Amino acid sequence: MDRLLDDAKRLVLAWPGRKVPLMTPMAFWWDGQHIWFSTAGDSVKARALRRDGTCAMYVPPLTDEGTGRLLRGRARVFHPGDPLGLAMHSGFLAAAQAALMVKNAPSMMGYVVDAAKVPARFLPARRVLVRVTVTSQEEVQPPAVGKGIAPALPTEVPPEIRRTLSGDRRVVLATQVDGDLGLMPAVWGAGYTLSLPTGARVPDGATTTVVLDHDPGFRPTDVAGVSMSGTVAAAGPQQKLTPTKVRWWSGFQLDTAELSGRATDTIVIPD
């Protein structure tokens, strides 16, 4: 049952935000009880998980026909402001850091190749280690992609990122309803329609974030992605996201833009 967690390189991490759920793809290591990952000490997720460790994670299947894994847990951030925690867990932290680096060796080499472009805040001295104690996990079957096309990404997103992500319909969706965090795989189509796993449904009006990313698995400067936040409403047999904000990243650069709460079926060809 743990083969997926042992072999998968990346997961999507979700945590509650002030207004909408927040998500980001992460490299990770599974020790049989905990998920471990590293992040910049001043990142939004590090600060949020220090305040409240509530989080959920989705590990996609290794093949198109496989099942993914949804995990929930509580995060503990080991940071310089917690010297007692660092001292008491130093052996475990060193072992986890080493295992994380070994499992993701190609990405680590990519950081070496791109060393001149890595901002100081992402260097090892500025990073923290996070341990998530898994409290529950379940298998989930992603919906079939089926017929259709991917939606046109907002033109606020730079053309090179739109080109990189063009045509990809598999996304991960997070919801936040009355403080409860939901997470699941989804398939989106023209106009930001959403197909969900069998039996799943997002409450109409729920604040929702959808994330789509591209990671070739080597150079960090080649990583790109988009997350879109808004609300979901019924659209015939499906549901539809009406986005109000888009966030994008390319390598170590990221930016956001407010949207007009629009959904579109127009195909936009990147410049």
Side-chain angles (χ1 to χ4, degrees), residues 1-15 22-40 43 45-46 49 55-73 75 92-115 117-118 122-124 127-134 137-142 145 161 164-165 168-174 183-187 210-227 249-252 254:
M1 184 175 180
D2 285 344
R3 179 176 171 241
L4 174 61
L5 299 181
D6 289 336
D7 294 350
K9 302 290 191 215
R10 290 168 65 81
L11 54 72
V12 175
L13 171 74
W15 67 95
L22 301 174
M23 289 193 291
T24 186
M26 299 292 301
F28 76 99
W29 174 62
W30 164 250
D31 70 2
Q33 292 182 302
H34 311 92
I35 294 287
W36 294 83
F37 60 85
S38 176
T39 187
S43 65
K45 58 182 166 291
L49 294 176
C55 61
M57 296 152 289
Y58 173 68
V59 183
L62 299 174
T63 65
D64 290 341
E65 294 77 28
T67 56
R69 191 78 57 84
L70 175 62
L71 306 99
R72 300 183 184 277
F92 292 106
L93 296 177
Q97 184 68 64
L100 187 61
M101 293 179 67
V102 169
K103 182 176 181 180
N104 297 282
S107 294
M108 296 300 103
M109 288 301 299
Y111 270 83
V112 174
V113 173
D114 286 334
K117 301 178 182 179
V118 179
F122 290 98
L123 294 175
R127 299 182 71 85
V128 295
L129 200 60
V130 182
R131 181 191 68 195
V132 180
T133 300
V134 175
Q137 57 174 300
E138 60 183 284
E139 292 188 342
V140 58
Q141 182 68 53
V145 173
I161 298 179
T164 297
L165 301 176
D168 197 341
R169 298 184 60 203
R170 293 189 181 277
V171 297
V172 181
L173 177 151
L183 184 66
M184 68 187 79
V187 170
V210 172
V211 71
L212 169 69
D213 83 304
H214 167 79
D215 180 7
F218 179 51
R219 299 185 66 174
T221 51
D222 290 338
V223 173
V226 165
S227 72
W249 57 93
S250 178
F252 298 101
L254 58 89

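Residues: numbered from 1 along the sequence shown. All values derive from a computational prediction rather than experimental measurement.
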*Considering all heavy atoms of both residues, which atom of Gln141 and which atom of Gly66 are nearest to each other, and what is their separation?*
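Smallest heavy-atom distance, with atoms named: NE2-O, 3.3 Å.
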*Of all the heavy-atom pairs spanning Pro142 and Pro185, show the shortest one and how long it is.*
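Scanning both residues, the minimum pair turns out to be CA-CG, 3.9 Å.
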Can you list everything that forms a salt bridge (Lys or Arg N to Asp or Glu O under 4.0 Å) with [X]? Sequence neighbours excluded, please.
X      : result
Arg10  : Asp213, Asp215
Asp222 : none
Asp168 : none

To the nearest 0.5 Å, what is the distance between [atom1] on [X] and [atom2] on [Y]?
X      : Y      : atom1 : atom2 : answer
Leu173 : Leu212 : CG    : CG    : 12.5 Å
Leu13  : Ile35  : CG    : CD1   : 10.0 Å
Arg69  : Glu139 : CZ    : CD    : 5.5 Å
Leu70  : Glu138 : CG    : CD    : 5.0 Å
Trp29  : Leu5   : CH2   : CG    : 12.5 Å
Leu71  : Leu11  : CG    : CG    : 8.0 Å

Does [X] have any side-chain contact (heavy atoms from CB on, under 4.5 Å) partners at least two apart in sequence or in another chain, and if so, which?
X     : answer
Pro60 : Tyr58
Ser38 : Leu100, Arg127, Leu129
Ala8  : Leu4, Phe28, Val59, Leu62
Ala14 : Met23, Ala174, Leu181, Leu183

*Of the options Trp36, Phe37, Trp30, which is the one that meets Val132 in a side chain to side chain contact (heavy atoms under 4.5 Å, CB included)?*
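Result for side chain to side chain contact (heavy atoms under 4.5 Å, CB included) with Val132: Phe37.
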Among all residues two or more places apart in sequence or in another chain, which pass the side chain to side chain donor-acceptor pair (under 3.5 Å) test with [X]?
X      : result
Trp15  : none
Lys103 : none
Thr67  : none
Thr221 : Asp114

*asked:* Set out, in order, the CA-CA distance, both residues' side-chain angles and the distance that settles side chain to side chain contact (heavy atoms under 4.5 Å, CB included) for Asn104 and Lys9, then state yes or no.
replied: CA-CA 7 Å; Asn104 297 282; Lys9 302 290 191 215; 4.3 Å; yes
